[in-house]
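In what follows, chains are A, B, ... by sequence order, proteins preceding strands, each numbered from 1. Because the structure is a prediction, the values reported are computed rather than measured. Just so it is clear, the values below take in all heavy atoms, side chains as well, and ignore hydrogens, waters and symmetry mates.
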Amino acid sequence: MQNLLHNLNPEQLAAVTLPAQSALILAGAGSGKTRVLTTRIAWLIQTGQVSPGGILAVTFTNKAAKEMQARLSAMLPINTRGMWIGTFHGLCNRLLRAHYRDAALPQTFQILDSQDQLSAIKRLLKQNNIDDEKYPPRNLMYFINSAKEQGLRPHEVDAYDDFNRKFVQLYEMYEQQCQREGVVDFAELLLRTYELLSRNQPLREHYQRRFSHILVDEFQDTNDLQYKWLKLMAGQHGAVFAVGDDDQSIYAFRGANVGNMMAFERDYNVQNLIKLEQNYRSHGHILDSANCLIAHNSKRLGKNLRTDAGHGEPLRVYEASSDLQEAQWIIEETKSLIGEGMSRSEIAILYRSNAQSRVIEHALFTAGIPYRVYGGQRFFERAEIKHAIAYLQLMDNPHNDSAFLRVVNFPTRGIGARSLEQLQDAARQYGISLYAAVAYVAGKAGTSLGGFVKLIESARFETQNLPLQEMVKVVLERSGLMMHYQSDKDGADRIENLEQLVSAAMLFVSEEGFGIDTPALAGPKAQAVAGAGITTADGVEIVDADAPLHTVMSPLSAFLSHASLEAGDNQAQVGQDALQLMTVHSAKGLEFDAVFITGLEEGLFPHENSQQEQGGLEEERRLMYVAITRAKKRLYLSFSQTRMLHGQTRYNMKSRFLDELPDECLKWLSPQVQHRWFGHTAKAAWDDAPQAGANAIAQQFSGKDIGWKAGETVFHQKFGEGVIVNIEGGGGNARAHINFGRHGMKLLDLGVAKLQKVTNA
DNA sequence: AAGTAGAATCTTTTT
DNA sequence: GATTCTACTT
């Protein structure tokens, strides 16, 4: 016991050892959140308050779930494999497999990832001759997902106008299509499980009894359905231990509702609210800046981070003349950090949007500095992998039309649009899947399609007794995928990926406890483990969904779920010591010795699209808060006067977030190019000057030229600071478009408007 | 039926 | 600027 709890600070200790009641832990950035969560579980088990089977720990990402599992294994002398630790979606998948009949799903139901879902929607629209200009597939997808995330089925959605009614109708048709095909999307996993448990009393009560302790990570990221799901799981007596940070809520755009934290406090009458405010990550100036920035938000539960570390270095702020020069500056600074002995992997370069990485990558590449970009394409999202998976999907569930269409003519086997049209007509006529409809198509089309069906069937027959990895191997050959990429001159990488799929299958099978000799199609062992089952009042035997996957599904089904739920690594070349490039979103949860936050410009960060959204600015500010709190020792902030975006040069003003940081924490670095336009370089002693000094207004220039140039920052009595975007006309009647940020774009007569030059740094 | 040229679009992202 | 989708050609 002693060793479990030692080194916890008073708040952490209080949280870990709370009585078995619901609690809300407000865990600030770098306050030891994961440690509290895992120690809480270990403590509950070690003190005998709960058995491992009584714990349900829910996370959002597979990474977080794995980390929790790993830490627990280190803390406890028991096998943590049997514990229910996973993502919302992973846990739902497991439950639905075990209770597939009650959930009205085929045993081999398959999971659509977002790509699959979008193509399913496009197919639906095309099939029903619906104008996708008027009803864009993306919007429909968003509509469907947000309805599901609120727990709403089509008939429950408020259809307030004709347009909306059409969406509702399409939502209904989409559902029918999914049901027919035996596929579920991500939101459906949650909703189906929720409905299963709310309708089935014995089942619900069984799980409610079982899970006496429910622990939730990143609670601020839960959506409405996830909140309802948790509530249902907990029942009247379950203790929910929710850990989160309202200031780090940055996923509202995908349905997360910070309001769930307040709702939780109210609904559960939470007596135990503990704030973890002691930060173990960042130096003082960095933390003070973060606190000061986030204080500008109004809707907060209230929290202020503190540290025992000293002030440390000031935040260095740099104004570049262009995005290229910003990248150049980053390189100079990283070189000097590396020179000081910092390792490259401890330096992160953050940006608001992916488009910004290109310039930086180019500069790093030219300079020969190794770097790693996060957020690229992931393993299971690669086209060749998706193709291979589609063959496997058809072998497990031939009614998956998406999978059918993906590979029916890939590699090409002479089945074109006309044959498929015929097939789709037949399928529609009989209300069956494309695969089943093949039998009804006659003539030449029928022959080539029949060949495809034979291919799938014989592949299934040949591999029925083979373990998964062998099955994958056979499928790669029999499908012709290997051959196809072998004859492709740029196919080498794809071949390599396909070979990696075989290793992935092998690894999966051994890690998930299937045994590497188990046939891929062997049914779940759950039925055999009768002891785990319970019998309900009406005599129905319930086979309990035990934690390990092999008790509820076949290796193939499990692997296919895995491919959808865990798209794999999205980081390139792991291993070598490289700079870390990523968006601010993907940096959440990580920490680095040194962090660069780049592109701090109005329109970029905060992003212009956030202005229209309710609460958009506050979310952007939380995003900035997340970015700042990633840094341990050094923080660099930069913005640029000009930037190439979407093939156009943009002139942005510096981000308002820079103005929201305390002057005494900042050190403005001298700009190099500020006054080159006027033939001389102002070399003020700015190096150590705080912002106020650097913001000094330069004297007005007079002379023959009009004295203004695009990209310059100016000051206007009424509109404040703005950036000249372009100048039209000349001499006495020159006019300029000036971007005043919050006040919008203005067209001003340069002869009339009383503008002052601003040389802000 | 398959490959190629022009047009539209473009925050953030996990499951 | 770069990708992705549609329309057109062969």
Side-chain angles (χ1 to χ4, degrees), chain A residues 58-65 86-93 111-119 122 126 132-133 136-138 142 145 148-149 184-191 217-218 221-223 225-226 249-256 323 350-359 361-362 374-378 380-381 383 409-421 444-445 448 561-568 570 582-589 599 603-613 616 619-620 622-624 626-627 643-649:
Chain A
V58 197
T59 64
F60 277 86
T61 65
N62 294 296
K63 198 174 150 205
T87 63
F88 277 102
H89 296 84
L91 296 167
C92 286
N93 181 40
I111 301 165
L112 301 180
D113 65 23
S114 336
Q115 264 180 67
D116 301 334
Q117 188 188 14
L118 187 62
S119 56
K122 283 181 182 165
K126 196 166 259 175
D132 61 359
E133 303 253 297
R138 287 191 168 281
Y142 179 78
N145 288 342
K148 289 189 182 186
E149 278 159 12
V184 296
D185 58 46
F186 289 134
E188 185 71 25
L189 280 172
L190 266 297
L191 184 51
D217 189 20
E218 306 279 15
D221 288 339
T222 52
N223 63 35
L225 180 57
Q226 286 159 336
S249 162
I250 55 173
Y251 287 112
F253 70 90
R254 65 178 200 215
D323 45 355
L350 309 184
Y351 33 81
R352 171 70 242 262
S353 67
N354 283 305
Q356 289 166 252
S357 77
R358 256 201 52 246
V359 179
E361 282 186 66
H362 181 78
Y374 284 70
Q377 207 181 29
R378 307 161 86 201
F380 285 105
E381 285 168 356
N409 198 34
F410 191 93
T412 53
R413 41 178 77 90
I415 299 170
R418 287 234 336 234
S419 310
L420 287 177
E421 231 165 84
K444 202 170 147 227
S448 49
S561 305
H562 167 80
S564 306
L565 291 177
E566 209 167 332
N570 65 0
M582 66 192 85
T583 63
V584 180
H585 279 93
S586 30
K588 188 173 162 214
L604 246 193
F605 198 1
H607 198 277
E608 53 202 354
N609 294 8
S610 71
Q611 307 234 282
Q612 283 87 328
E613 288 158 30
E619 175 138 328
E620 294 288 308
R622 290 193 293 269
L623 198 49
M624 180 68 182
V626 168
R643 181 176 298 278
M644 275 294 257
L645 203 68
H646 307 324
Q648 284 186 321
T649 305

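For Tyr251(A), the ring pair (Phe, Tyr, Trp, His ring centres under 6.0 Å) partners two or more places apart in sequence, or in a different chain, are Phe253(A), His585(A). Scored by the ring pair (Phe, Tyr, Trp, His ring centres under 6.0 Å) test, Phe186(A) finds His89(A) as partners (sequence neighbours excluded). The side chain to side chain donor-acceptor pair (under 3.5 Å) check on Ser610(A) picks up nothing, with sequence neighbours excluded. Under the side chain to side chain contact (heavy atoms under 4.5 Å, CB included) criterion, Thr649(A) pairs with Thr642(A), Met644(A), Tyr651(A), not counting sequence neighbours. Applying the salt bridge (charged side-chain N to carboxylate O under 4.0 Å, His left out) criterion to Glu218(A), with sequence neighbours excluded, gives Lys33(A), Lys588(A).
Stacking between His646(A) and dC10(B) is shown: the ring centroid lies under 5.5 Å from the centre of the six-membered base ring, and the planes differ by under 30°. Where stacking is scored as ring centres under 5.5 Å apart with planes under 30°, His607(A) registers as stacked on the base of dT11(B).
Here the P atom of nucleotide dT14(B) and the CG atom of Asn145(A) are 16 Å apart, to the nearest Å. The NZ atom of Lys126(A) sits 9 Å away from the C1' atom of dT6(C) (whole-angstrom rounding). Going from atom CG of Leu645(A) over to atom C1' of dC10(B) covers 9 Å, rounded to whole Å. Rounded to whole Å, atom C1' of dT11(B) lies 13 Å from atom CD of Gln611(A). Taking atom CD of Glu619(A) as the reference point, atom C1' of dT13(B) lies 12 Å away to the nearest angstrom.
Among the atoms of the strands shown, none is found under 4.0 Å from any heavy atom of Ala567(A). Nucleic acid contact class of Glu133(A) (heavy atoms, under 4.0 Å, all strands): none. The residue Phe88(A) sits apart from the nucleic acid: no heavy atom pair falls under 4.0 Å. Residue contacts for Gln115(A): at a heavy-atom cut-off of 4.0 Å it reaches no nucleic acid atom on any strand shown. Using a 4.0 Å heavy-atom cutoff across all strands shown, Asn354(A) reaches sugar-phosphate atoms only and no base atom. Note on Thr59(A): nothing from the nucleic acid sits closer than 4.0 angstrom, heavy atoms only.
Between the NZ atom in Lys63(A) and the OG1 atom in Thr87(A) there is a gap of 15.0 Å [rounded to 0.5 Å].
Residue order along DNA chain B, read from the 5' end via each residue's closest nucleotide, puts Arg138(A) first among Arg138(A) and Asn62(A). Judged by closest nucleotide on DNA chain B, Ser353(A) is the one of Glu566(A) and Ser353(A) placed further toward the 5' end.
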Please write out the pairs of protein N or O atoms and N or O atoms of nucleotides 2-5 of chain B separated by less than 3.5 Å, giving the distance to one decimal.
{"from": "dA2(B)", "atom 1": "OP2", "to": "Asn409(A)", "atom 2": "ND2", "distance (Å)": "3.1"}

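Proximity note for Met644(A) (side chain, C-beta onward) versus dG1(C), dT11(B), dT15(B): the nearest is dG1(C). Of the candidate nucleotides dT15(B), dT13(B), dT11(B), dT13(B) has the atom nearest to the side chain of Phe253(A). Closest to the side chain of Asn609(A), out of dT11(B), dT15(B), dT14(B), is dT11(B). Listed nucleotides dT15(B), dA1(B), dT12(B) differ in distance to Leu565(A); the shortest reach to its side chain belongs to dT15(B).
For dT14(B), its base never sits under 3.5 Å from the side chain of Thr87(A) at any donor and acceptor pair.
For dT13(B) and dT4(C), the P atoms lie 16 Å apart once the distance is rounded to whole Å.
At dT13(B), none of the side-chain N or O atoms of Ser114(A) fall inside 4.0 Å of OP1 or OP2 (strictly under the cut-off). Contact annotation: Ser586(A) reaches the phosphate of dT13(B) (side-chain N/O to OP1 or OP2, under 4.0 Å).
At least one side-chain heavy atom of Asn354(A) sits less than 4.5 Å from a side-chain heavy atom of Thr583(A).
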